[in-house]
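These notes are about the structure you will find just below.
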Amino acid sequence: MPDTVIQPQIPITPVTAEVLEQLRAIVGDKGLLIDAQDKEPFVTDWRRTRSGSADVVVRPATVEETSKVVKLCYDKGIAIVPQAGNTGLMGGATPWPAHRGIVLSVGRMNKVLSVDPVGYSMTVESGCILQTLQETAAAHDRFFPLSLGAQGSCQIGGNLSTNAGGVQVLRYGNARNLVMGLEVVLPNGDIWNGMRALKKDNTGYDLRDLYLGAEGTLGIITKAILKLWPKPKDNATSWSAVPSPQAAVELLSGAYAASEDNVTSCELMGRQGIDLVLHHIRGTTDPLADKHDWYVLMEWSSTRPPREGDNSATLRDKMEAYLGEAMEKGLVLDAVIAQTDAQSKALWALRENHTEASKQEGPSIKHDISVAVSKIPPFVPEGLAAMKKALPGCRPLVFGHVGDGNLHFNCQAPAGWTKPQFAPYVEPISGAIYDLVTAYGGSISAEHGIGRIKLEELAHYRSQTELDVMRQLKRALDPHNIMNPGKVIRV
Ligand code: FAD
Ligand code: MLT
Ligand code: ZN
């Protein structure tokens, strides 16, 4: 969508020819992108709705190089936009149009440094692709649970800096919960070594937690020690048509006990999203014969392998029994349970491709909201009514992590509309949704962060006290305002 946010004041010191040579001396030719064509993917966001500029894209290969680059920028007052996989949905990794400084991409720092299967941890550089980390853990019979649609291209530095959520938060928590130690290059170029593989550490303020979710405004994460879990050995995936969000919440509520506390994911989807995915994403098929208004994708997993000759049921058997009971109660209208890994993947593809299908369909507004799980049933119809009141022809696209109370309460423009046609409706629609979320005691950003897109909303919906503390933190830790300036909070 076109930017409705007024660009904040940011430092606009250019990268002079002299500074460029100093950067080249630090990172070499391989670490610099100067041509407009080479820089383009780094100054445009994933949705291609926001763009900006940068004099240079700098790609250091080590923490030492990163530190020297940041120190140089600090001395010269040059602004830095940290970037990892550039899949963020709030424009946090995209420079503002007035930006003259650098984009600092961590993508060349992409080594897994060690895996400790006994201590259930893994030490990695921040440019590692999330899927690579999942695969590395699996190769050691361990499990790294962060899982989201962009996992083939997002990088762990970006995941940690956005405190990413995804589809397994229900069981394992969001990114913040998956980290033990961090290494961060501070805005003055100093390196903070917080690489402690400790589960317990109460020595003073928790600096690690400060950088997790800071969206690159307080420093650059260069390494992390991640927690690992035992690898699941028994899985069950089901796709259920349910009559309402109320039924979805009740289905989940009973599933905790029925699965013996093995629920890993619970995702809700409206029919509109399924139609978009079936239309745009090749190879996807509708698992059920009839169309329904709402669907629940549920995953159960256990580290206990099904044992031959053992009479105790597999998770799939237990899930089948549970869904059978739920059908009798009217909570489920129809359902399928995946019998193979391929069938499970096909069901997940219907869920994970919502974002891609929505992008291909045309303009949309993202409302990444959360309310208490028990408030989802009244919130959904009220939210849908509010959206329709603001623009009767709009197409609500509601899906997401219902088990966390986090729905992507998105709004697709009427079919065939252009961005300029849709633009005047963005503020009224979002305002109506966010006011409702606030009345429900919820959050206007459950997992994607603030970036540059929700600057005004953060300022509007957070209290003066909270904003003052955030501003004081930012000023204290980044006195020259060079670290991702004009993102998250105006200083
Ligand atoms: P980037 O986009 O490069 O950066 C994100 C932010 O972090 C920016 O503010 C940037 O400045 C900062 N940053 C990046 N690297 C560093 C670093 N090393 N140090 C300091 N700051 C840094 N998000 C979810 O939470 N849950 C989902 O389920 C989910 N699904 C998605 C599905 C799709 C198809 C897509 C495209 C996106 C989805 N996202 C989701 C959003 C996005 O993938 C996540 O926010 C992800 O964590 C961003 O990682 P990245 O490497 O792409 O970061
Ligand atoms: C997802 O869960 O797929 C993304 O976070 C949602 C979105 O694109 O709004
Ligand atoms: Zn999500």
Side-chain angles (χ1 to χ4, degrees), residues 41-42 45-48 50 60 63 66 70 80-95 103-107 109-110 125-130 146-169 174-176 182-187 211-224 265 267-269 273 277 281 348 351-359 364-370 397-402 404 406-412 445-453 483-488:
F42 296 83
D45 76 334
W46 182 87
R47 294 170 73 203
R48 306 197 72 79
R50 301 293 188 287
V63 62
T66 309
V70 174
I80 301 168
V81 177
Q83 191 176 99
N86 197 19
T87 67
L89 297 171
M90 288 298 120
T94 310
V103 167
L104 191 146
S105 164
V106 296
M109 293 185 273
N110 57 5
E125 292 186 320
S126 60
C128 288
I129 292 195
L130 174 56
L146 187 63
S147 171
L148 44 104
Q151 63 198 25
S153 49
C154 62
Q155 298 168 9
I156 193 69
N159 301 144
L160 301 183
S161 300
T162 54
N163 185 26
V167 295
Q168 304 197 106
V169 171
N174 48 19
R176 187 185 297 283
L182 279 189
E183 177 186 80
V184 180
V185 174
L186 308 182
Y211 296 106
L212 297 169
E215 300 184 54
T217 59
L218 301 179
I220 299 170
I221 296 176
T222 44
K223 290 194 192 91
S265 306
E267 299 285 313
L268 178 72
M269 287 149 283
V277 172
I281 310 296
W348 272 106
R351 161 63 185 90
E352 295 287 29
N353 278 304
H354 272 60
T355 306
E356 176 63 37
S358 162
K359 178 175 158 181
S364 71
I365 322 170
K366 289 192 180 293
H367 301 118
D368 166 36
I369 62 96
S370 65
L397 184 63
V398 176
F399 64 98
H401 322 291
V402 67
D404 311 324
N406 170 201
L407 290 182
H408 299 302
F409 216 83
N410 299 346
C411 179
Q412 202 77 32
S445 179
E447 59 174 19
H448 297 158
I450 301 299
R452 72 183 228 196
I453 295 183
M483 200 52 81
N484 217 358
K487 308 287 173 61
V488 181

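Just so it is clear, the structure is predicted and the values come from calculations on it, not from any experiment. Only this structure's heavy atoms are used, side chains among them; waters, hydrogens and symmetry mates stay out. We count ligands from 1, going down the list as the structure has it; atoms in each ligand are counted the same way.
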Is there a polar contact between ligand 1 and [X], counting only N or O atoms under 3.5 Å apart?
{"X": "N159", "result": "yes"}
{"X": "A84", "result": "yes"}
{"X": "P82", "result": "yes"}
{"X": "G88", "result": "yes"}
{"X": "G85", "result": "yes"}
{"X": "T87", "result": "yes"}
{"X": "I221", "result": "yes"}

> Which of the listed options, S358, G152, A150, holds the heavy atom that is closest to atom 31 (C) of ligand 1?
Replying inline: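 Checking each option, the heavy atom nearest atom 31 (C) of ligand 1 is found in A150.
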
Compute the minimum heavy-atom distance from [X] to ligand 2 and say whether it is under 4.0 Å.
{"X": "K366", "answer": "yes"}
{"X": "L89", "answer": "yes"}
{"X": "E352", "answer": "no"}

I'd like to check which ligand 1 atoms, numbered from 1 as shown, lie under 4.0 Å from a non-hydrogen atom of [X].
{"X": "C154", "value": "49 (O), 50 (P), 51 (O), 52 (O)"}
{"X": "N484", "value": "9 (O), 11 (O)"}
{"X": "V106", "value": "18 (N)"}
{"X": "A164", "value": "25 (O), 47 (O)"}
{"X": "H401", "value": "28 (O)"}
{"X": "N86", "value": "1 (P), 2 (O), 3 (O), 50 (P), 52 (O)"}
{"X": "E215", "value": "9 (O), 11 (O), 12 (C)"}
{"X": "G157", "value": "15 (N), 16 (C), 17 (C), 18 (N)"}

>> Below 2.8 Å, can you find an N, O or S atom of D368 next to the Zn ion (ligand 3)?
In response: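 Coordinating: no.
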
> Checking only N/O/S atoms, does H401 have one that is under 2.8 Å from the Zn ion (ligand 3)?
Replying inline: yes

Counting C-beta onward and ignoring hydrogens, is there a side-chain heavy-atom pair between [X] and [Y] closer than 4.5 Å?
{"X": "S445", "Y": "I450", "value": "yes"}
{"X": "V103", "Y": "P95", "value": "yes"}
{"X": "L160", "Y": "L182", "value": "yes"}
{"X": "F399", "Y": "E267", "value": "no"}
{"X": "H448", "Y": "H408", "value": "yes"}
{"X": "V81", "Y": "T94", "value": "no"}
{"X": "T222", "Y": "V106", "value": "no"}
{"X": "T66", "Y": "M109", "value": "yes"}

Tell me whether ligand 1 is touched by [X] - counting only heavy atoms on the residue side and a distance under 4.0 Å.
{"X": "A214", "answer": "no"}
{"X": "G166", "answer": "yes"}
{"X": "I220", "answer": "yes"}
{"X": "K487", "answer": "no"}
{"X": "E356", "answer": "no"}

>> Angle at the Zn ion (ligand 3), OE2 of E447 to NE2 of H408, rounded to 10 degrees, please.
In response: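 For OE2 of E447 and NE2 of H408, the angle centred on the Zn ion (ligand 3) reads 100°.
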
Give me the residue, atom name and distance of the protein heavy atom closest to [atom].
{"atom": "atom 5 (C) of ligand 1", "result": "T162 CG2, 3.6 Å"}
{"atom": "atom 53 (O) of ligand 1", "result": "G158 CA, 3.3 Å"}
{"atom": "atom 34 (C) of ligand 1", "result": "T355 CB, 3.7 Å"}

> Could you go step by step and tell me if L130 and N159 meet the side chain to side chain contact (heavy atoms under 4.5 Å, CB included) rule?
Replying inline: CA-CA 8 Å; L130 174 56; N159 301 144; 3.7 Å; yes

> Step by step, would you call W348 with S265 a side chain to side chain contact (heavy atoms under 4.5 Å, CB included)?
Replying inline: CA-CA 11 Å; W348 272 106; S265 306; 3.7 Å; yes

>> Does either side chain, that of Q412 or that of S358, offer a donor lying less than 3.5 Å from an acceptor on the other one?
In response: yes

>> Heavy atoms only, cut-off 4.0 Å: how does N410 contact ligand 2, side chain, backbone, both, or neither?
In response: side chain

